[in-house]
Engineer: 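Quick one: the structure is below, and I'll ask about it shortly.
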Number of protein chains: 2
Amino acid sequence: MCNHHTGDTGHSCSCTPSGRMLGFIQPWLLLLLSEESAHGYELLDKLNQNEDTQGVDPGFLYRTLRQFEEDGLLRSSWDVEGRGPARRVYEITPDGIEYLHAWADHIRSTRERLGRLLDTHESRFKSQTTKERR
Amino acid sequence: MCNHHTGDTGHSCSCTPSGRMLGFIQPWLLLLLSEESAHGYELLDKLNQNEDTQGVDPGFLYRTLRQFEEDGLLRSSWDVEGRGPARRVYEITPDGIEYLHAWADHIRSTRERLGRLLDTHESRFKSQTTKERR
DNA sequence: TCTATTATATGAGTAGAACATATAGATGAG
DNA sequence: CTCATCTATATGTTCTACTCATATAATAGA
């Protein structure tokens, strides 16, 4: 268990060290790229502007993009214009769009399963306030 | 990416091989034990009766229970009565109850984050039917 | 007594993510 | 011009949660 919950130290739980759900960043990446093409650093910025997706490890991001390209979900090309070093610009493919929608379906069902867990929890402890339960 | 989504082979995604979300079983365990004390094998049965929690690996279950006990969330004693080998019966502690509620809070916020992702996805692709998007 | 069932437990391997660091071109300060 | 800094991409290593495989043992029944 992690210390999000009780303040204890050094345990393990369902959250990553950064408190984020596993596999949560990838669909956001595809979603951002479905809006407009972008390079890695740019995506890193955008993710950091969203509370839900802050603190992504750059190494993880770049590796994920390369993997997506290998899987045919993205295409890339070099942008040498503008300042600074060349940027690898990623563009989403039709397969990528399709995968994004399939991912959304999967996330929807995950969300429903979380709902069923929470409902069971709530009905188990109904008629008790948060204080009374403790 | 896994093949839940597109039928492709040998990729990776946010789901475990069994298609389950990481860290999803543990709160169910605490929830079941908050209803009544039980031993591992019994819990395994109960989890298998719930569509959302089927196919749990026994090794994982027993290790999780031991870890929870080490963390003070559960207490155990041997039940030598009845048939078959002795059963280690787990009982939830006050700390366990508290942890369960904290876990529920965390799951609620995870659920909300999934909702925000889905909302963004939906508003990006609104006015398009599933068929039109592909 | 041999096998099946119930029950708990552990060893080894895997995959995704985190952490740390490397590389390199462009830019600006002095 | 040269040194530091910023932008940008990339990779090596470690960590951890989970899976897969297997071990152990008591009891019950054929």
Side-chain angles (χ1 to χ4, degrees), chain A residues 1-3 9-29 38-48 53-71 74 76-90, chain B residues 1-3 9-29 38-48 53-71 74 76-90:
Chain A
M1 306 131 221
C2 60
N3 52 14
T9 51
H11 298 305
S12 66
C13 83
S14 58
C15 10
T16 57
S18 53
R20 196 185 309 114
M21 195 192 143
L22 286 170
F24 188 65
I25 292 306
Q26 295 91 329
W28 270 113
L29 274 179
H39 60 274
Y41 205 78
E42 208 177 342
L43 290 164
L44 209 58
D45 267 0
K46 289 187 181 182
L47 291 174
N48 277 126
T53 54
Q54 273 167 8
V56 174
D57 173 57
F60 175 67
L61 180 111
Y62 287 111
R63 256 194 283 247
T64 301
L65 291 171
R66 300 279 263 172
Q67 182 64 50
F68 279 171
E69 183 170 23
E70 206 184 300
D71 295 336
L74 302 178
S76 77
S77 55
W78 286 100
D79 174 12
V80 284
E81 324 230 326
R83 358 203 107 192
R87 280 134 293 192
R88 190 187 284 275
V89 177
Y90 287 95
Chain B
M1 307 134 220
C2 60
N3 53 15
T9 51
H11 298 304
S12 65
C13 84
S14 57
C15 10
T16 58
S18 55
R20 196 185 309 113
M21 195 192 143
L22 286 170
F24 187 67
I25 293 305
Q26 295 90 329
W28 270 113
L29 274 179
H39 58 274
Y41 205 79
E42 208 177 341
L43 291 164
L44 209 58
D45 267 359
K46 289 186 182 184
L47 290 174
N48 278 125
T53 54
Q54 272 167 9
V56 174
D57 174 59
F60 175 66
L61 181 111
Y62 287 111
R63 258 192 284 245
T64 302
L65 291 171
R66 301 280 260 171
Q67 182 64 50
F68 279 171
E69 183 169 25
E70 206 184 299
D71 295 336
L74 302 177
S76 77
S77 55
W78 286 100
D79 174 11
V80 285
E81 324 231 325
R83 1 204 105 192
R87 282 135 292 199
R88 190 189 283 275
V89 176
Y90 287 95

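Letters A, B, ... are given to chains in the order of the sequence lines, protein chains preceding strands, and every chain is numbered from 1. Since this is a predicted model, take the numbers as computed values, not measurements.
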Engineer: Send over the distance from E70(A) CD to dT11(D) P, rounded to a whole Å.
Structural biologist: 12 Å
Engineer: Which atom names give the shortest non-hydrogen contact between Y62(B) and Y41(B), and what distance separates them?
Structural biologist: OH-N, 3.4 Å
Engineer: Could you tell me the separation between the CD atom of Q67(A) and the C1' atom of dA17(C), rounded to a whole number of Å?
Structural biologist: 14 Å
Engineer: Shorter than 3.5 Å, N or O on both sides, protein versus nucleotides 12-14 of chain C: list them out with atom names.
Structural biologist:
none

Engineer: Quickly work out the L22(B) CG to dA17(D) C1' distance and round it to whole Å.
Structural biologist: 7 Å
Engineer: Could you pull out all residues at least two apart from R88(A) that satisfy side-chain hydrogen bond (donor to acceptor under 3.5 Å, both in side chains)?
Structural biologist: S76(A)
Engineer: Could you give the CG-to-C1' distance, from D57(B) to dA17(D), as a whole number of Å?
Structural biologist: 12 Å
Engineer: Let me know the distance between OH of Y90(A) and C1' of dA8(D), rounded to the nearest Å.
Structural biologist: 12 Å
Engineer: Taking side chain to side chain contact (heavy atoms under 4.5 Å, CB included) as the definition, give me every residue that meets it alongside P85(B), ordered by chain and number, with sequence neighbours left out.
Structural biologist: none
Engineer: Just the rounded figure in Å: distance from P of dA17(C) to CH2 of W28(A).
Structural biologist: 17 Å
Engineer: Grab the two heavy atoms, one from G40(B) and one from L61(B), that are nearest each other, plus how far apart they are.
Structural biologist: O-CD2, 3.3 Å
Engineer: Would you tabulate the pairs of protein nitrogen or oxygen atoms and nucleotide nitrogen or oxygen atoms of nucleotides 4-8 of chain C closer than 3.5 angstrom?
Structural biologist:
residue, atom, partner, partner atom, Å
dT8(C), OP1, R88(B), N, 2.7
dT8(C), OP1, R88(B), O, 3.4
dT8(C), OP2, G40(B), N, 3.2
dT8(C), OP2, Y41(B), N, 2.7
dT8(C), OP2, Y62(B), OH, 2.8

Engineer: Once you apply a heavy-atom cut-off of 4.0 Å, does F60(B) come out as touching a base, just sugar-phosphate, or nothing?
Structural biologist: base
Engineer: Taking R63(A) for the side chain and P58(A) for the main chain, is one N or O donor matched with an acceptor at less than 3.5 Å?
Structural biologist: no
Engineer: Provide, to the nearest angstrom, the distance between the CG atom belonging to L47(A) and the P atom belonging to dA17(C).
Structural biologist: 13 Å
Engineer: In whole angstroms, how far is the C1' atom of dT9(D) from the CG atom of L43(A)?
Structural biologist: 13 Å
Engineer: Restricting to non-hydrogen atoms, name the atom on Q26(B) and the atom on T64(B) that form the minimum distance, rounded to 0.1 Å.
Structural biologist: CG-CG2, 3.8 Å
Engineer: Please state whether the phosphate of dA17(D), meaning OP1 or OP2, lies under 4.0 angstrom from any side-chain nitrogen or oxygen of Q26(B).
Structural biologist: no
Engineer: Considering non-hydrogen atoms only, spot the tightest contact between V56(B) and N48(B) and give its length.
Structural biologist: N-ND2, 4.4 Å
Engineer: Which heavy-atom pair separates R87(A) from R83(A) by the least distance, and what is that distance?
Structural biologist: NH2-O, 3.3 Å
Engineer: Which pair of non-hydrogen atoms, one from L47(A) and one from T53(A), has the smallest distance, and what is that distance?
Structural biologist: O-OG1, 2.7 Å
